[in-house]
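Hydrogens, waters and symmetry mates are skipped; everything else that's a heavy atom, side chains included, is used. Chain A is the first sequence line, chain B the second, and so forth, proteins listed ahead of strands; every chain is numbered from 1.
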Amino acid sequence: MPRITRTLLLLAALLTLVFFPLFGSSFYVGLLTRILILALFAMSLDLLIGYTGLVSFGHAAFFGIGGYALAIAFQDAAVIHLWQALPLSLAAAALAALVVGWISIRTSGIYFIMITLAFAQMFFYFFFESPRYGGDDGIFLFFKPVLMIGSADILHLDSENNFYYFVLGSLVSSYLLLTMILRAPFGKVITAIKANEHRVCALGYAVNRYKLVSFVIAGTLAGLAGFLEGAHSGYINPSYMSWHESGIAIAIVVLGGMGTLYGPIVGAFIIVLLQDFLPSLTDHWQLLFGGIVISVALFYPMVRPACCRDFMRCSEVK
Amino acid sequence: MELSFYLVQLLNAIQYGFLLFLVASGLTLLFGIMGIINLAHGSFYMIGAYLAYWLTDVTGNLWLGILLGLPIALLVGYLVERFAISFLYQRDHLYQVLLTFALILIFNELQQILWGTDVHGVAIPAILAGSIPLTENQSYPIYRLFISAVCIALACGMSWVIQKTRLGMMIRAGASNREMVQSLGINVNRLFALVFSLGVALAAFAGMLAAPVDSVYPGMGENVLIISFVVVVIGGTGSIKGAFVGAMLIGLVSTFGKVLLPEMASVMAYALMAVILLWRPQGLFGRAR
């Protein structure tokens, strides 16, 4: 597919998303908000899986930390100032990603998968068993963040539509930021690391530092997604960072197409719509859902049609 | 807090470590020999526990339940290997993660359909129901000692099979160079199916043994799975010896952690893993790469 067609398709999709709240009911705006947040989360994971070649199975940890940072700092506050809350969440997620990444990056392959999983579980149990942070029940937030300058309200996230546009804006700016990063020399190096780590090392690049920076960027963006999800639902609990969440994110990335930034957005739409649609068919919808994920794992790389392969840029090349 | 109290805790730690070893040794063999990451391994532990509960209920006898349950577990393992895992040997780990993640969803749902969401208990067989008095008010249940004894026997049996028999030779050779084993005329497909089924049976057997001590509940496999991953990472993939040492370390840390630092107990095992990895990224007994 020529590049111009691709750009036009993306623009059309963006315009549809921008004008959706004018026509759609608030229920669907809420659903779409959830999908876009999940898309942002999956997109951040794709930077690791699809570009750097790091299969992280603990990405939900940073998603959860973004949400928890917001909830812990502002659970008793009367007003949640956006300019305080958002940087705090991002910084917390970045710091966690830095520590976890610093230890995990030293390993590779199966080890890396298991270690990231184990660290995510560590955070999970920490919040699960700490009564101070709500334990199993989690923390409720009664207010939505606001952006004020002086005493003038600039952006109030109370209304569903405002929140939707804020999420859409975050997703689009993250998309553009990642595009820029990937076009920069840094992006070329991490893509090369995925293709052949030893060669990049032999060329004199400090491979581990590049991996770590990529890990921290991905963790920070996951923290942004967690912040949005926490603020949107007003409720943060340990299941945010459960390994099911990480597994679903991997499924989204693979289904949508690794190594593209829009693939995870497509994947998020498919997965959330499936999760909303399948339970209406049968009580045991997890069987169907599991079956679909298995077929994706078994057959998807083989049957992805040729036109799609170009559009989604198949990353199966070894 | 006197000596006998710590003795009881020590015995508990060893018994927990042995159970972990049964699950983790299967996992580490799958990694080492087949290069497969199997997230569904915890599900097999859960299946074992539920089989023990169900068959004990039907036959009225735990031994008969275990005896009937083991072939079922072997069969489940064989079918999963043939119809799912065997397609993924040549593929990226990512797809193995995805496939076995989906298997967990399916096994959890099947478990709910077959056995419901209630928490069940399994009675300890009458012969082993007593306990040994240590002091006036401290005693130790015989069944827990029995678990440790069975696990010691199994560990010895496993090390004998792996070190001394022809099958063990093939397994060790397969772990170090798969292509070479294949070109020497050994049917690797059959070897892999066998190893996978045995790993599944070990995990299920651990679940069966644990059923009378812990309760049988949905999602029980997932806790065991993650902590077994930690064991494998600490010990080094593919190393049975590493799995044993790792399991004992984790058994000690989590049991004594619960007693001495109850608030941080479940975090401590992961902290131990982080420290060991900082020191030896390939695990205690792993080969450096």
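Residue B:V267 is tested with A:F124, A:F126, A:F123 for a side-chain contact (heavy atoms from CB on, under 4.5 Å); the sole match is A:F126. When each of B:V97, B:D92, B:L98 is checked for a side-chain contact (heavy atoms from CB on, under 4.5 Å) with A:V254, only B:L98 meets the rule. Under the side-chain contact (heavy atoms from CB on, under 4.5 Å) rule, A:Q121 has a single partner from B:I227, B:I226, B:V230, which is B:I226.
Heavy atoms of other residues, nucleotides or ligands lying less than 6.0 angstrom from CZ of B:R82 number more than 12. In this structure, A:Y205 places its OH atom where only 12 or fewer heavy-atom neighbours from other residues, nucleotides or ligands lie under 6.0 Å away. The neighbour count for B:Y78 OH, taken as heavy atoms of other residues, nucleotides or ligands under 6.0 Å away, does not exceed 12. Under a cut-off of 6.0 angstrom, the local environment of CZ in A:F277 is sparse, with at most 12 non-hydrogen atoms contributed by other residues, nucleotides or ligands. Remark: A:F128 CZ is loosely packed, at most 12 non-hydrogen atoms of other residues, nucleotides or ligands lying under 6.0 Å away.
Of the two parts of A:I294, the backbone and the side chain both hold a non-hydrogen atom closer than 4.5 Å to a non-hydrogen atom of chain B. For A:F57, the part lying under 4.5 angstrom from a heavy atom of chain B is the side chain only. Within the 4.5 angstrom heavy-atom criterion, atoms from both the backbone and the side chain of A:W243 approach chain B. Looking at B:I234, neither its backbone nor its side chain comes within 4.5 Å of chain A, counting heavy atoms on both sides. In this structure, no portion of A:L288 lies under 4.5 Å from any heavy atom of chain B.
The nearest pair of heavy atoms linking A:I103 to B:A274 is CD1-CB, 4.1 Å. Taking all atoms of both residues into account, the shortest heavy-atom contact from B:L94 to A:M258 is CD2-SD, 3.1 Å. The minimum heavy-atom distance linking B:A102 with A:G290 is given by the pair CB-O, 3.4 Å. The two residues A:H244 and B:F101 make their nearest non-hydrogen contact at O-CZ, 3.6 Å. When every heavy atom of B:E109 is checked against every heavy atom of A:L287, the shortest pair comes out as CG-CG, 3.7 Å. Between A:Y111 and B:Q282, the shortest heavy-atom distance links the atoms OH-O, 2.8 Å.
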(message) For a side chain to side chain contact (heavy atoms under 4.5 Å, CB included) check, start with the C-alpha distance between A:R106 and B:L277, then their side-chain angles and the critical distance, and finish with the verdict.
(response) CA-CA 9 Å; A:R106 300 152 167 255; B:L277 283 179; over 6 Å; no
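Taken from CE in B:M273 to CE in A:M122, the straight-line distance is 7.5 Å, to the nearest 0.5 Å.
Most heavy-atom pairs under 4.5 Å with chain A, from the set B:L105, B:I104, B:V232: that is B:L105. Ranked by heavy-atom pairs under 4.5 Å with chain A, the first of B:I36, B:L88, B:I37 is B:I37. When each of A:I250, A:T107, A:I49, A:I115 is scored by its heavy-atom pairs under 4.5 Å with chain B, the top score falls to A:I115. Among the candidates B:L110, B:I106, B:N108, the residue making the largest number of heavy-atom pairs closer than 4.5 Å to chain A is B:I106. Interface check for chain A: of the options B:A269, B:A271, B:P281, the most heavy-atom pairs under 4.5 Å are formed by B:P281. Among the candidates A:V100, A:L117, A:I110, the residue making the largest number of heavy-atom pairs closer than 4.5 Å to chain B is A:I110.
Two residues are said to be in side-chain contact when any heavy atoms from C-beta on lie closer than 4.5 Å; A:Y125 and B:N223 meet this criterion. When side chains are defined from C-beta on, A:F112 does not count as touching B:H93, because their heavy atoms never get closer than 4.5 Å.
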